[in-house]
Amino acid sequence: MSAIKTIDTNPFAGQKPGTSGLRKKVAEFTQPHYLENFVQAIFNMLGDCRGKRLAVGGDGRYYNREAIQIIARMAAANGFGKLLIGRGGIFSTPAMSCVIRKYGTDGGIILSASHNPGGPNADFGVKFNGANGGPAPEAVTEAIYRQTLSIEQYLTLDTGDMDLDRVGRCELGGMEIEIIDPVTDYADLMASIFDFEKISQLLTNRRFHMCFDAMHAVTGPYAKAILEERLGAEPGTVINGAPDESFGGGHPDPNLVHARELVDRMNGDAPLAFGAASDGDGDRNMVLGSGFYINPCDSLAVLAANAGLVPAYHESLAGVARSMPTSRALDRVAQFLEIPCYETPVGWKFFGNLMDADKITICGEESFGTGSNHVREKDGLWAVLFWLNIIVESRKPARSIVREHWQRFGRDYFTRHDFEGLDAGRTGEMIGRLRDRVSGLVGRQAGELSIQAADDFAYTDPVDGGVSEEQGVRIFFNDGSRAVFRLSGTGTANATLRLYCDKYETDPALLGLDTQRMLAQTLQAAGEVAGIAEFTGRTAPDVIT
Ligand code: G16
């Protein structure tokens with residue numbers, strides 16, 4: 001058995017997990033002891049690790065393999081009983097959640113910075129998921145953070161690297177390691193949820209053409225195995241399907257800007273019937289109809305409204321949930337279905353308790369995330385299969401499904417404006433000032449609108465009573481529109497301000513109009529109240545979704 005080494009170390013500042021784990025530049029993660037400190041902090045938080053079982057894998061970005069070797073040595077030295085690792089060090093985030101649940105491990109470590117770019121000069125991330133398969137709740141991430149502040153030592157082994165590419169079992173310092181195929185368990189789970197036979201009939205119909213853009217990221221092998229191999233879609237349906245450490249030099253964020261190739265195919269002279277893209281770690285999704293962008297808030301509402309068409313959700317939904325900045329389109333469906341709709345802070349970790357307590361079945365966020373209680377992460381391919389199942393059962397194209405949804409429920413116009421790379425001090429000051437003034441804003445005029453209500457969103461978890469404060473400033477205007485301000489918790493450079501606006505419309509003549517035009521007054525009023533130009537020096541956002 002290899003000797004356990006105890007390495008002396010000092011705390012690093014700033015190892016506080018954000019919206020979704022610890023995300024930093026590769027250069028920061030690869031400095032001596034940095035990753036090790038954070039991993040040991042996770043282990044210390046877990047307490048006695050002897051005999052515990054963990055799943056480990058990542059989205060395949062630069063430093064994924066090296067990080068897994070480091071984590072495996074440390075896990076063995078800390079006495080873990082077993083590690084389950086995806087072949088090649090790969091697990092998409094939803095597949096990891098599936099594996100933790102299926103094999104009943106004590107949790108998992110996911111190596112990913114999600115939709116952030118990868119490569120030696122880009123981003124890396126580490127996230128701990130609990131035994132329910134979901135991202136650690138705030139109490140746990142806080143406990144990990146506290147450990148990082150006082151860490152003095154970590155444990156590792158003096159061994160070489162193991163072979164990550166061969167499925168099978170081996171042993172490392174007395175700990176069992178099992179390398180498993182990263183796709184099969186997840187693909188089987190999808191087959192148990194959706195009507196694969198009918199979806200296959202759709203995908204092999206020569207008149208139905210779709211495209212899935214894997215953006216050179218982790219979903220390539222999953223999408224090929226499920227869409228092309230199991231369901232029979234024509235080869236080439238999956239584009240950019242070979243995972244790459246730097247995501248082909250691109251930005252693996254499924255939106256209209258970064259999934260350009262897909263967008264062009266959906267808007268050309270002979271547009272495809274359906275298009276979709278997923279992000280770096282496979283948990284986000286963007287879906288498109290022919291020449292038609294489907295906003296994630298609408299997509300979530302449509303899935304909930306049509307859930308009865310999918311085998312796994314034939315029986316009624318227990319409830320639904322959305323993050324606070326997500327439009328209220330979901331709430332209207334919940335009201336119609338007479339089921340509860342929960343409003344949570346931003347971050348998938350807030351949905352876990354609701355699912356574990358059987359309070360919700362489906363949930364989602366404006367940030368291109370949708371999912372259900374089949375796992376405890378958002379799930380990009382699941383959303384794509386859900387859409388295909390609805391299309392085949394309703395015999396309608398995606399575009400008509402959304403338009404009919406608006407006719408029935410009204411339309412919640414929604415947009416998000418991101419101001420990136422801002423000075424953190426000034427932007428923090430802006431949010432702080434807004435927070436301080438929030439209760440005094442009611443009755444104030446802003447541009448063409450007046451403010452009817454305003455608050456700083458706080459959430460009390462209905463399951464464990466945990467309170468999360470300062471989750472975003474909300475301003476409600478007299479025309480029924482809403483603006484929300486918050487700072488991103490996933491960036492790795494400076495500050496990103498997110499401004500979310502939405503407005504409900506029921507007039508049938510006003511349902512198919514341009515979103516930015518429909519929200520222009522709200523955006524203008526919001527900018528004025530917060531003093532965006534004054535504090536950030538910006539007059540236009542960097543990204544609009
Ligand atoms: C993560 C979280 C999501 C959140 C998103 C954006 O997604 O899991 O819940 O909506 O970040 O967060 P922020 O606005 O703080 O940047 P992902 O796909 O990056 O893991």
Side-chain angles (χ1 to χ4, degrees), residues 16-24 58-59 61 92-94 96-97 110-118 122-129 133-138 141 215 217-219 247 251-255 258 277-286 296-297 300 321-327 343-352 354-355 363-371 375-383 414 416-422 427 431 457 459 468 470-473 484-500 541-543 545:
K16 188 177 172 66
T19 311
S20 184
L22 185 68
R23 290 186 193 169
K24 299 284 177 193
D59 62 13
R61 68 179 58 225
S92 76
T93 291
M96 166 67 98
S97 188
I110 303 182
L111 307 169
S112 170
S114 187
H115 56 290
N116 296 12
D123 296 351
F124 191 74
V126 177
K127 188 170 79 155
F128 177 71
N129 280 28
E138 271 194 339
T141 55
M215 305 190 84
V218 79
T219 41
F247 307 121
H251 197 134
D253 194 358
N255 60 34
H258 297 302
S278 194
D279 69 334
D281 61 332
D283 55 2
R284 295 184 173 208
N285 74 90
M286 173 175 72
C297 306
L300 170 63
R322 61 167 172 84
S323 65
M324 178 272 282
T326 303
S327 91
E343 184 177 39
T344 61
V346 173
W348 204 263
K349 59 191 170 200
F350 292 101
F351 295 133
L354 298 173
M355 291 196 213
C363 52
E365 298 183 277
E366 55 67 42
S367 55
F368 297 88
T370 12
V375 288
R376 294 292 182 273
E377 287 280 4
K378 55 188 184 271
D379 190 343
L381 265 169
W382 168 90
F414 174 90
R416 186 177 100 188
H417 285 205
D418 291 341
F419 300 81
E420 298 177 340
L422 303 177
T427 319
I431 293 283
F457 183 65
Y459 177 68
S468 306
E470 301 193 337
Q471 297 295 322
V473 173
V484 175
F485 298 87
R486 61 179 283 281
L487 298 180
S488 162
T490 55
T492 57
N494 304 324
T496 295
L497 170 70
R498 303 211 195 281
L499 165 60
Y500 315 77
D542 298 280
V543 180
T545 48

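Worth saying up front: this structure is predicted, and the values here are computed from it rather than measured. We count ligands from 1, going down the list as the structure has it; atoms in each ligand are counted the same way. FYI, the numbering just counts along the sequence from 1.
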Ligand 1 versus Asp283, non-hydrogen atoms closer than 4.0 Å: side chain, backbone, both, neither?
side chain

Just to be sure I read this right, does ligand 1 sit under 4.0 Å from the backbone of Arg498, its side chain, both, or neither, counting only heavy atoms?
side chain

Quick one: does [X] get a heavy atom under 4.0 Å from ligand 1?
X: Gly347; result: yes
X: Arg486; result: yes
X: Glu377; result: no

Among all protein heavy atoms, pick out the one at the shortest distance from [atom]; state its residue, atom name and that distance to 0.1 Å.
atom: atom 10 (O) of ligand 1; answer: Ser367 OG, 2.7 Å
atom: atom 17 (P) of ligand 1; answer: Ser114 OG, 3.1 Å
atom: atom 20 (O) of ligand 1; answer: Arg23 NH2, 2.8 Å
atom: atom 7 (O) of ligand 1; answer: Lys378 NZ, 2.9 Å
atom: atom 11 (O) of ligand 1; answer: Thr490 CG2, 3.3 Å

Who are the salt bridge (Lys or Arg N to Asp or Glu O under 4.0 Å) partners of Asp283, not counting sequence neighbours?
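Result, salt bridge (Lys or Arg N to Asp or Glu O under 4.0 Å) vs Asp283: Lys378.
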
With sequence neighbours left out, what residues match Arg498 under salt bridge (Lys or Arg N to Asp or Glu O under 4.0 Å)?
Asp418

Mind checking whether [X] has an N or O less than 3.5 Å away from an N or O of ligand 1?
X: Val346; value: no
X: Thr19; value: yes
X: Leu487; value: no

Parallel, tilted or perpendicular: which describes the rings of His417 and Phe419, with under 30° parallel and over 60° perpendicular?
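Plane angle between 30° and 60°, so tilted.
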
Parallel, tilted or perpendicular for Phe350 and Tyr459, by the 30°/60° rule?
perpendicular

Backbone N or O of [Y] within a donor-acceptor pair of the [X] side chain at under 3.5 Å?
X: Glu366; Y: Pro296; value: no
X: Arg61; Y: Gly125; value: no
X: Asp123; Y: Gly118; value: no

Which ligand 1 atoms are under 4.0 Å away from a heavy-atom of Gly489?
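Once the distances to Gly489 are compared, the set is 13 (P), 15 (O), 16 (O).
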
Exercise: identify the closest heavy-atom pair between Glu377 and Ile110:
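The pair with the smallest heavy-atom distance is OE2-CD1, 4.0 Å.
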
From Glu365, Arg284, His115, Glu366 - option closest to atom 6 (C) of ligand 1 by heavy atom:
Arg284

Step by step, work out the side-chain contact (heavy atoms from CB on, under 4.5 Å) result for Ser327 and Arg322.
CA-CA 8 Å; Ser327 91; Arg322 61 167 172 84; over 6 Å; no

So do Leu422 and Asn494 actually touch side chain to side chain, heavy atoms under 4.5 Å?
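They are not in contact (no side-chain heavy atoms under 4.5 Å apart), so the answer is no.
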
